[in-house]
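Reading through the C-alpha cells given below for one structure.
Whatever order the structure lists them in is the order used to number ligands and atoms, beginning at 1. The basis for the numbers below is simple: all heavy atoms, side chains too, and nothing from hydrogens, waters or symmetry mates.
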Amino acid sequence: MAQRIMRPHTLQKTLKSTFLPVTVAPTRPGAISLCQTRRSSHSPLGAPPAAPRKKVTINTLQALYKKDEPITMMTAHDFPSAHVADHAGMDIILVGDSLAMVALGMEDTSEVVLEEMILHCRSVARATKAAFTIGDLPMGSYEIAPEQALESAIRVVKEGRVQGIKLEGGLEMAPTIERITRAGIPVLGHIGLTPQRQNALGGFRVQGKTTLGALKVLEDAEAVQAAGCFAVVLEAVPAEVASLVTKKLKIPTIGIGAGNGCSGQVLVQVDMSGNFPPGRFLPKFVKQYGDVWGESMKAIQAYKTDVKSRAYPAPEHTYPMPAKEFAEFENLVKSRII
Ligand SMILES: Nc1nc(=O)c2c([nH]1)NC[C@@H]1CN(c3ccc(C(=O)N[C@@H](CCC(=O)O)C(=O)O)cc3)CN21
Ligand SMILES: CC(C)C(=O)C(=O)O
C-alpha cells in the first residue's frame with residue numbers, strides 16, 4: 001500500500017522514465033477564457049441590465065406621484081428575486097416580512113426576527129442597482145418604544161443596506177414614525193390590513209368596510225402622513241375607500257387589494273409570478289402573471305428523466321482530453337504502475 005502513495009516528484013520521474021515524453025502544461029489552455037465567460041446571472045458579476053436606468057430616489061417617487069404616474073412596487077427576498085425585479089424596472093423593491101411565509105416556510109409573519117430580515121435585506125440590496133429599496137421592520141422590533149424602533153430602523157439601513165423602512169400601524173405609530181423620519185430614514189407606512197396584527201384583527205380580514213372602519217383608515221392615513229411617511233401602503237380595503245383616502249392625502253398610497261385608485265401598487269413576487277404549487281390559497285387581489293412553479297417543475301422533471309436515461313450529460317457537456325493522453329492513462333492503469 002505504502003509504495004503506491006508517491007510524492008509528486010517521484011510520480012513525475014516515473015511517468016518521464018516510462019512514458020516519455022510527457023509534458024505537463026504549466027497552465028491549462030483555455031483557462032483564461034473560461035474565467036471570462038463564467039458569469040452566473042445570479043452572481044454580483046451578472047450582466048448589467050440591457051437598458052440601465054437611473055437610481056430611483058425619494059425625489060423620483062415624488063415626481064411620479066406629481067405627474068400621476070402609478071408607482072410600481074414588488075417584494076423580493078433574496079439576490080435572484082431582487083435581480084429580476086430590478087431588471088424588470090420596478091420603482092420600489094420591498095423586502096416584506098411576508099418572506100417569513102414565502103421564503104422561510106413560517107406559519108405567519110410574526111415569527112421572523114430582525115436579524116433574519118437584515119440578512120435578506122442585504123442580499124436584496126446587492127442585486128438592486130436602480131430600484132428604491134425598503135425593508136420591513138418585523139413584529140417585536142419597533143412597538144415597545146420609538147427609541148427601539150429607531151434602533152431597529154438604523155440596523156436595517158446600516159446592516160441591511162436598504163434606503164427606507166416600512167412599519168405597520170396608523171395613529172398609534174405616529175410618534176414612532178416621527179422619531180425615525182427625524183433621524184433621516186424614509187418611512188413607508190402600512191395601514192388597513194396589517195398582517196402582523198392578524199390575531200387582533202381576527203385573521204387576514206378586509207378593513208374599512210363600514211363607515212366607521214373607513215373613517216379609521218382615513219384617520220390612520222392622515223396620521224402617518226403628518227408623522228412624516230413619504231408614502232403609505234393600503235392593504236385590503238374597499239377600492240372606493242382607498243380612492244377617497246388617496247385623494248385626501250398629499251403623499252402617495254401604494255395599494256394591495258385596494259383597487260386602482262391608489263398612487264401605486266404592490267404585490268408579493270411569488271404570488272404574481274406563480275411560484276407556488278397548484279391549489280394554494282391566493283388572496284382575491286392577486287393577479288397571477290406567470291407560472292414560475294410550472295416552468296421549474298417541467299425543467300426539473302426533464303432533468304430527472306435525462307439523468308435516469310443517461311441522455312444527460314451529452315458529449316457537449318463534458319470536457320475533452322487528447323486521445324493520446326487518455327491512451328497513455330489507460331495503459332498506465334492497465335499496467336498497474338500507479
Ligand atoms: N404570499 C403572500 N401574499 C400576500 O399578499 C401576503 C402574504 N403572503 N403574507 C402576509 C400578508 C397576508 N396577506 C393576505 C392574506 C390573506 C388574505 C385573505 O384571505 N383575504 C380574503 C378576504 C377575507 C375578507 O373578506 O375579510 C380574500 O378572500 O382575499 C388577504 C391578505 C397579504 N400578505
Ligand atoms: C404585501 C406587502 C405590502 C408586505 O407587507 C409584505 O410583503 O410583507
* Pair E235-R197, salt bridge (Lys or Arg N to Asp or Glu O under 4.0 Å): steps then yes or no -> CA-CA 13 Å; E235 177 164 351; R197 298 168 190 215; over 6 Å; no
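- The hydrophobic cluster containing Y312 also includes Y303, V307, under a criterion of side-chain heavy atoms closer than 4.5 Å among ILVMFWY residues, counted directly or through chains of members.
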When you pair each N or O of ligand 2 with protein N or O atoms, which pairs come out under 3.5 Å?
residue, atom, partner, partner atom, Å
ligand 2, 5 (O), K166, NZ, 2.9
ligand 2, 7 (O), S98, OG, 2.6
ligand 2, 8 (O), D97, N, 3.1
ligand 2, 8 (O), D97, OD1, 2.9
ligand 2, 8 (O), S98, N, 2.9
ligand 2, 8 (O), S98, OG, 3.4
ligand 2, 8 (O), D136, OD2, 3.4

* To do: I would like to know whether E330 and K334 meet salt bridge (Lys or Arg N to Asp or Glu O under 4.0 Å); could you show each step before the answer?
  => CA-CA 6 Å; E330 239 182 347; K334 243 186 253 161; 5.5 Å; no
* Asked: Between K129 and D86, is a salt bridge (Lys or Arg N to Asp or Glu O under 4.0 Å) present by the stated rule, with each step listed?
  -> CA-CA 7 Å; K129 301 289 176 236; D86 194 57; over 6 Å; no
* Determine, stepwise, if the pair S110 / D108 fulfils side chain to side chain donor-acceptor pair (under 3.5 Å). => CA-CA 6 Å; S110 69; D108 57 53; 2.6 Å; yes
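- Contact record, A131 with M90: CB-O, 3.4 Å, taken as the closest heavy-atom pair.
- The aromatic rings of H83 and F79 sit tilted, their planes meeting at an angle between 30° and 60°.
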Do any side-chain atoms of residues 245-254 form donor-acceptor pairs under 3.5 angstrom with protein atoms, and if so which ones, sequence neighbours left out?
residue, atom, partner, partner atom, Å
T246, OG1, A242, O, 2.6
T246, OG1, T253, OG1, 2.7
T253, OG1, S263, N, 3.1
T253, OG1, S263, OG, 3.4

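- The pair K216-E219 does not meet the salt-bridge criterion, since no charged nitrogen lies less than 4.0 angstrom from a carboxylate oxygen.
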Distances under 3.5 Å, N/O of ligand 1 against N/O of the protein: list each pair and its distance.
residue, atom, partner, partner atom, Å
ligand 1, 1 (N), D271, OD1, 3.0
ligand 1, 1 (N), D271, OD2, 3.3
ligand 1, 3 (N), D271, OD2, 2.6
ligand 1, 26 (O), R205, NE, 3.4
ligand 1, 26 (O), V206, N, 2.9
ligand 1, 29 (O), K284, N, 2.8

